[in-house]
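Here's the structure we're looking at; comments come further down.
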2 protein chains.
Amino acid sequence: MALDHAILVSLLEKPGSGYELARRFDRSIGYFWTATHQQIYRVLARMEGDGLLAVREVPQQGRPDKKEYSVAGPGRSALAGWLHEPIEPESLRHDLAVKIRGVAFDDPAALVQEVERHHRAHSDRLARYLAGELRDFTGPDAPAPLDAGQELQHVVLRGGIAYERMTIAWLDDVLATLHRLGGTAPTATA
Amino acid sequence: MALDHAILVSLLEKPGSGYELARRFDRSIGYFWTATHQQIYRVLARMEGDGLLAVREVPQQGRPDKKEYSVAGPGRSALAGWLHEPIEPESLRHDLAVKIRGVAFDDPAALVQEVERHHRAHSDRLARYLAGELRDFTGPDAPAPLDAGQELQHVVLRGGIAYERMTIAWLDDVLATLHRLGGTAPTATA
DNA sequence: TCTTTCTATGCAACTCGTTGCATAGACAAG
DNA sequence: CTTGTCTATGCAACGAGTTGCATAGAAAGA
């Protein structure tokens, strides 16, 4: 049910339409949560039906009307309640690790390109995160004293950055291991 | 569909029953994948129906009979095919990060205990992983020259260790941030 | 002009994953 | 002797998440 709460947080930070939420989930919220527009529209409809959200039809010129959602009183209470409930520490689901162990029954060299591809993808993400950090929190154009909300956004972003750095270092380790096992020289990455 | 492949890898490493698989998923495979016995039984039944697995009824004394599954030829091919397909770099789903951003609309101090609880859980996991590493790979009782399969298991375990270390460091960062915002002294953790 | 792209919303079908419950024999502890 | 725990398998229902498709107006480019 955490998508519900992610939506509540995002709408509290700024009201918006399902479409806008979907794009936020591709950007800042995407550091730690992903969702497709389908999921989002479905959940918005349900939460509005339950009275957690308020809708406002906003006519626009040059583009279709949109439904702007904002958090209603009961939605705020629901979020507050959830914040005080304990949640389980999450556990990983890492496909690539399955592949790595599977390659014991196949050719280790075959996985090198795949690992390099992931290495590039994570390096790209890291670059995007670092650019965002500079823009919003640590650069010259960032607000001088950050408010509480911005401090919290920053610490979450630092988590994303730490995750990408850790993953990149591990993928280097994986490449070195595959190299040792397969005798294949790893090509340069990033 | 990666559960299918995780099961194939696990059964190639060693054939076993659904019950045994469920326990492996709580242990070594659990470094990077989780599954309940329900999921496992359902997937085993489907894969056997598709001819990917072979079953053998094993009568046991003092306990119920079990069905020992092993990988059939088509299962091996299916795994090999998947190993050569590219997969998407995974994206995170981190409930705690949602909570952290949500606390901007609540009391930051309220989250301190929750974060400390997660800190302890990850410290415990790290300790278990390190103990496993010593036992199976780096300690005096470990096999002296590791074979390819063990090298691959080790590099995956190193990934789990790196993940837990990174997470613990980040939770320290989160606690310090909450402390700064809320003026609440963080209590000692682990 | 025609195609593509962007904004904006949504249905239908499906797979994946979780939760609760049921069964059943063997063993250990109270 | 009853309760609880461990092995071992499974059904039913639900909720979460993905994929494919459909619609529709406006703008931009070939």
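First the proteins, then the strands, lettered A, B, ... as listed; each starts at 1.
In this structure, Y163(B) and Y163(A) have perpendicular ring planes: the angle between them is above 60°, well past the 30° mark. Note: F137(B) and H154(B) have parallel aromatic rings, judged against thresholds of 30 and 60 degrees for the angle between ring planes.
Summarising the geometry of V71(B) relative to L8(B), their closest heavy-atom pair is CG2-O, 3.7 Å, with the distance given to 0.1 Å. Taking all atoms of both residues into account, the shortest heavy-atom contact from D65(B) to Q60(B) is OD1-N, 3.5 Å.
For R93(A) and dC16(C), the shortest distance from a side-chain N or O to OP1 or OP2 is not below 4.0 Å. Remark: Q60(A) is not in phosphate contact with dT7(C), judged by side-chain N or O atoms under 4.0 Å from OP1 or OP2. For R23(A), a side-chain nitrogen or oxygen approaches OP1 or OP2 of dT7(C) to under 4.0 Å. At the phosphate of dT7(C), neither OP1 nor OP2 sits under 4.0 Å from any side-chain N or O atom of S17(A).
Comparing dA13(D), dG17(D), dA8(C) against the side chain of E20(A) picks out dA8(C) as the nearest.
Of the residues in residues 29-40 of chain A, those with a non-hydrogen atom less than 4.0 angstrom from any atom of DNA chain C are H37(A), Q38(A).
Taken from CG in L79(B) to CD1 in I7(B), the straight-line distance is 12.0 Å, to the nearest 0.5 Å.
dG10(C) atom C1' lies 11 Å from atom OH of Y69(A), rounded to whole Å.
Separation of the W170(A) and H94(A) ring centroids falls under the 6.0 Å cut-off.
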